[in-house]
There are 2 protein chains.
Amino acid sequence: MKATYKDVKSDIMSKITKGDWAPGSLVPNEIELAGIYGCARATVNRAMRELADDGIIERRRKAGTRVRSSPIRQARFDIPLVRREIEDKGAEYRYSLAERTVEPAPDWLRARLKLGVGSKVLHLICMHYADGDPYQHEDRWINLGTLPQAEDADFTQVGPNEWLVATVPFSDAEISFSAGLAGPKLADYLASKDGDPVFTIERSTWWEGQAITYVKLSFRPGHRMTTRY
Amino acid sequence: MKATYKDVKSDIMSKITKGDWAPGSLVPNEIELAGIYGCARATVNRAMRELADDGIIERRRKAGTRVRSSPIRQARFDIPLVRREIEDKGAEYRYSLAERTVEPAPDWLRARLKLGVGSKVLHLICMHYADGDPYQHEDRWINLGTLPQAEDADFTQVGPNEWLVATVPFSDAEISFSAGLAGPKLADYLASKDGDPVFTIERSTWWEGQAITYVKLSFRPGHRMTTRY
DNA sequence: TGGCGCGTTATGTCTAGACTTATAGCCCGC
DNA sequence: GCGGGCTATAAGTCTAGACATAACGCGCCA
């Protein structure tokens, strides 16, 4: 008796994993469960809400709650600052700015960020090192239309990512992972061989509908992103 | 007055993005906020709890709540069944089993899944097609020690992933993303060229501490995993 | 038979209050 | 000055009850 929301959550979870409640089946409503577990409806509600957030069950007003037939498993990845990522591994972080130009946005970038014709962007190429070894190559484009102050920022000491996080704390983003090939230039930056596979993250961010930046991050060969769920 | 938890959440969010509350600074406690917003403490609590889940703020009993200095952004990816993934794109899904053997677990697999010596595993090579084109190559190893019934299952019609989801509904998993190269054999399966970069997902799963399966999924060149956050 | 409207119902949210729990930071003794 | 123990505080959780809201699916009507 007197179950906590965690008790309720894990008990329901085990009923599902043990197969007592089959996929697609309707689970008792909150009032019944509150009676069964001897707790208030709010407690059951919290347990069920978390299970729904985890993609285990599906809830609809009036229709009730059912076990998802094909459970949507989701993995969460932390997207830390490179510096943190490296320092958390116990390695020494070093940053360097390789190139810096101000130019009109190329067509592919305008399409991606939905920029108008003639938009000017700041283009930066940076490297991040862990214990002196190349770790990540950063190909960064910043929209000067929304962030004109970026033109005056000094990116030789602090990376554009950290500068952006401090300047535009939160924003909408689209992130995608893919595998690419190191061309000769990228291979040189990463001290790897031409034709090596590189793990790539691309991210576009907006703030209140305004495009801020697009970045392509290429990791040294062998990099993996791992998480448990 | 009479703010909902969403009102509170978005107002606090905007205070942070606008810089009213600087990173690292202490946020008023729940009772004060409840007074400010004219709502119950539970309402403020829910708003704050969600912000903490999102990695925006950090909460500690007695110490209070503060804005995270370097916000941990996290991205969530849905990990659907391949069939769903393909059908959701509007393409026709086709599956085929290419190889099936029962063998002692190789050393690398024993290390990865923490298996004892002499463990037997079922090794499957499968292909998933979208509109007839190779989409995903599946290199699957199932631990027959925990799932002996897998040896009798018919994997020629339904893929091992779907069979597993139906048999062992939920489990702990470790998932990792990386970039690899297509060797001649894999390139043949994926109808691509030797040396093409392939996006790779590896997943190991356990159930109540028992290793169930390890799988290496290789996608056709050009594949991307995308999400918004 | 088929389409529309609406009452019923399960979830969603809020409240005021009480109790629990972790712990920051003060105070005291060494 | 330093370490250990105590306490006040803020978050964490629960309750009983109320009202809000979405929408399922029955029944009515064409």
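Reckoned from all heavy atoms, side chains included, excluding hydrogens, waters and symmetry mates. Proteins get letters first, then strands, A, B, ... in listed order; numbering begins at 1 in each.
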Whether [X] contacts [N] is assessed here as follows: a side-chain N or O lying under 4.0 Å from the phosphate OP1 or OP2. Is that the case?
X     : N      : answer
B:T43 : C:dT13 : no
A:R61 : D:dC24 : no
B:R60 : D:dA10 : no
A:T65 : C:dA10 : no

Legend entry - Side chains of A:S119 and A:R110, donor plus acceptor under 3.5 Å: no
Inset, instruction - Would you kindly say whether B:Y135 and B:E85 are connected by a side-chain donor-acceptor distance under 3.5 Å? - result: yes
Inset, instruction - Look at the side chain of A:R46 and the base of C:dG12, then say whether one donor and one acceptor between them are separated by less than 3.5 Å. - result: no
Legend entry - A:F77 and B:F177 aromatic ring geometry - parallel, tilted or perpendicular at 30°/60° bounds: tilted
Legend entry - Presence of salt bridge, A:K15 and A:D11, under 4.0 angstrom: yes
Inset, instruction - Answer yes when B:R59 and B:E30 have at least one side-chain N-carboxylate O distance shorter than 4.0 Å, and no when they do not. - result: yes
What is the distance from [atom1] of [X] to [atom2] of [N], rounded to the nearest Å?
X     : N      : atom1 : atom2 : result
A:K6  : C:dT20 : NZ    : P     : 17 Å
A:R59 : C:dA10 : CZ    : C1'   : 9 Å
B:I31 : C:dA16 : CD1   : P     : 13 Å
A:E30 : C:dG12 : CD    : P     : 6 Å
A:N45 : C:dT9  : CG    : P     : 20 Å
B:Y5  : C:dT11 : OH    : C1'   : 12 Å
A:N29 : D:dA23 : CG    : P     : 18 Å
B:E50 : D:dG12 : CD    : C1'   : 15 Å

Legend entry - Whichever of A:K62 and A:A42 has its nearest DNA chain D nucleotide further upstream toward 5': A:A42
Legend entry - Residue closer to the 5' end of DNA chain C, B:A63 versus A:R49 (nearest nucleotide): A:R49
